[in-house]
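No hydrogens, no waters, no symmetry mates; every other heavy atom, side chains included, goes into these values. Counting starts at 1 for both ligands and their atoms, in listed order. Each residue takes its place number in the sequence, starting with 1.
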Amino acid sequence: MVVVSGSNSRALAQDLANELGWEHRSLEVRRFPDSEGYIRIPDDSITSVRSEPVILVSNTFPDAGIVETLLMLEALNDLRKGRTENLREIGPQSMDDVGPGVLLAIPYFGYSRQDKRFNPGEAISAQAIGRLLSAHCDGIIVFDLHAPSALEDMPVPVAFTSAMPEIAAHLQSTIAPDFILSPDKGAIERASAVAEAIGLPFSYLEKTRIDAHTIIHKAKNLDVDGKVVAIVDDMIATGGTICKAADALRKQGAKEVHAACTHGLFTGGAINRLVRHVDGVHATSSLTNSRAVISGGPALARGVRELLAGL
Ligand code: R5P
């Protein structure tokens, strides 16, 4: 079987292929001078993508990633259906339809945070993107989706996978934490999975977000005096959530504070902000950045196996 990738997830696609023992092929991706994208499945990959189910690894972030993902899905579907007619009349103009088998693995699902209609008139963006992608593939694997409920009732099967086992193993072997903290109620399930995997005490904070850059945490007594604490979240964007939680931990005597997440978005100078508040930042390779120290390959492989088992 084959794993293919476009421009935004090549290294992770290779890791996934290694985990599964499959081959990895890079699709051709270019940009026209006006910034529009162009994709093509190279001639020497045509047989591979038609022979067995194919996994496309692609982020729907930033926005260009959505378009690139859709174009790659379209090209994969065309090839599997045998639609090869082209203006230059190169090669056979049609082939047999080899049936469904285009699966999409999304390391970072952009728009996942608009998972509800918070005010009348809003689009539920996570659902809108989910439906768009579902119309072009036969199944989806999503990596630590902010709110999995947003992709309930999609017309194709969706497998949810998580990096918490790998984050737990990484934290244990690098910083040996004494305590795990969830910076808000939304991350309790993920952070407590890390605490349970290492066998550590766990707590959470109650967060109110005033706006994208302003966070308030309700005061809470935490037993962290003299301890190494890891704050675990699904994503870090501006870093505001982590910085506020780290300050609360320091005030209560924490000796070292680390931040760990699946998706390191690190927007608007977040790393510079974070290093003033925490001793270390640890992210998976769902997005490319200087803190992507944990491979997302094993988690994606679990998702692929689960999806294939259910098809
Ligand atoms: C929100 O509920 C998420 O789990 C993260 O806590 C949030 O997106 C982090 O954003 P920021 O780094 O901007 O505070």
Side-chain angles (χ1 to χ4, degrees), residues 59-63 65 106-119 122 124-127 129 142-151 160-164 167-168 171 180-195 202-218 220 222 229-250 257-284 286-294 296 299:
N59 279 333
T60 57
F61 178 87
D63 284 5
I106 311 173
Y108 178 66
F109 188 104
Y111 290 91
S112 59
R113 285 183 289 179
Q114 182 79 26
D115 60 323
K116 294 181 189 68
R117 203 183 324 278
F118 299 92
N119 293 294
E122 290 176 352
I124 305 176
S125 310
Q127 280 181 0
I129 302 296
V142 200
F143 191 22
D144 274 318
L145 184 68
H146 182 62
S149 56
L151 293 192
F160 298 97
T161 188
S162 173
M164 294 309 130
I167 288 181
L171 292 175
I180 302 292
L181 182 79
S182 168
D184 56 29
K185 284 187 171 173
I188 288 179
E189 203 177 311
R190 290 187 177 95
S192 60
V194 171
F202 162 83
S203 190
Y204 67 93
L205 295 177
E206 286 182 54
K207 171 177 100 176
T208 307
R209 185 181 281 284
I210 310 298
D211 59 41
H213 297 276
T214 319
I215 307 279
I216 297 174
H217 278 122
K218 194 169 159 186
K220 183 172 187 181
L222 301 164
V229 183
I231 308 169
V232 177
D233 208 346
D234 60 333
M235 70 178 80
I236 302 176
T238 64
T241 299
I242 295 292
C243 293
K244 282 281 179 185
D247 292 349
L249 289 165
R250 301 264 190 218
V257 179
H258 291 258
C261 67
T262 303
H263 310 299
L265 282 161
F266 305 133
T267 52
I271 296 275
N272 290 339
R273 198 170 307 119
L274 283 161
V275 296
R276 294 199 297 270
H277 296 259
V278 298
D279 299 285
V281 181
H282 315 249
T284 78
S286 70
L287 293 160
T288 305
N289 58 67
S290 60
R291 299 304 195 272
V293 292
I294 305 162

Minimal heavy-atom distance between H217 and T241, with the atoms involved, is CE1-O, 3.5 Å
When you look for heavy atoms under 4.0 Å from ligand 1, do you find them on the side chain of D184, its backbone, both, or neither? side chain
If we ignore hydrogens and angles and just use 3.5 Å, is the side chain of D247 paired with the main-chain N or O of H277 as donor and acceptor? no
Among T214, T238, I215, D234, which one has a heavy atom closest to atom 13 (O) of ligand 1? T238
Side chain, backbone, both or neither: which part of R113 comes within less than 4.0 Å of ligand 1 when only heavy atoms are counted? side chain
Could you walk me through whether S162 and D144 pass the side-chain hydrogen bond (donor to acceptor under 3.5 Å, both in side chains) check? CA-CA 5 Å; S162 173; D144 274 318; 2.8 Å; yes
Crowded around F61 CZ? As in, over 12 foreign heavy atoms under 6.0 Å? yes
How far is atom 1 (C) of ligand 1 from its nearest protein heavy atom, and which residue and atom name does that atom have? H146 CE1, 3.5 Å
Please list, in number order, the atoms of ligand 1 under 4.0 Å from a heavy atom of K207. 1 (C), 2 (O), 6 (O)
Hey, is D233 touching ligand 1 through its side chain, its backbone, both or neither, going by heavy atoms under 4.0 Å? side chain
So which heavy atom in the protein is nearest atom 7 (C) of ligand 1, and how far is it from that ligand atom? R209 NH2, 3.7 Å
What one should report as the nearest heavy-atom pair of D115 and A147 is OD2-CB, 3.0 Å
With a 3.5 Å distance limit and no angle check, can you tell me whether E122 reaches the backbone of N119 through a side-chain donor-acceptor pair? yes
Identify, by atom number and element, the atoms of ligand 1 in contact range of M235, meaning under 4.0 Å from any of its heavy atoms. 5 (C), 8 (O), 9 (C)
Given side chains that start at C-beta, do those of V278 and H258 come closer than 4.5 Å, heavy atoms only? no
Would you mind running through ligand 1 and noting each atom that sits below 4.0 Å from a heavy atom of G240? 12 (O), 14 (O)
With only distance considered, is G239 within less than 3.5 Å of ligand 1 through an N or O on each side? yes
Distance to 0.1 Å, residue and atom name: give those for the protein heavy atom nearest to atom 14 (O) of ligand 1. T241 OG1, 2.5 Å
Quick one: closest heavy-atom pair of I242 and A259, and the distance? CG2-CB, 3.6 Å
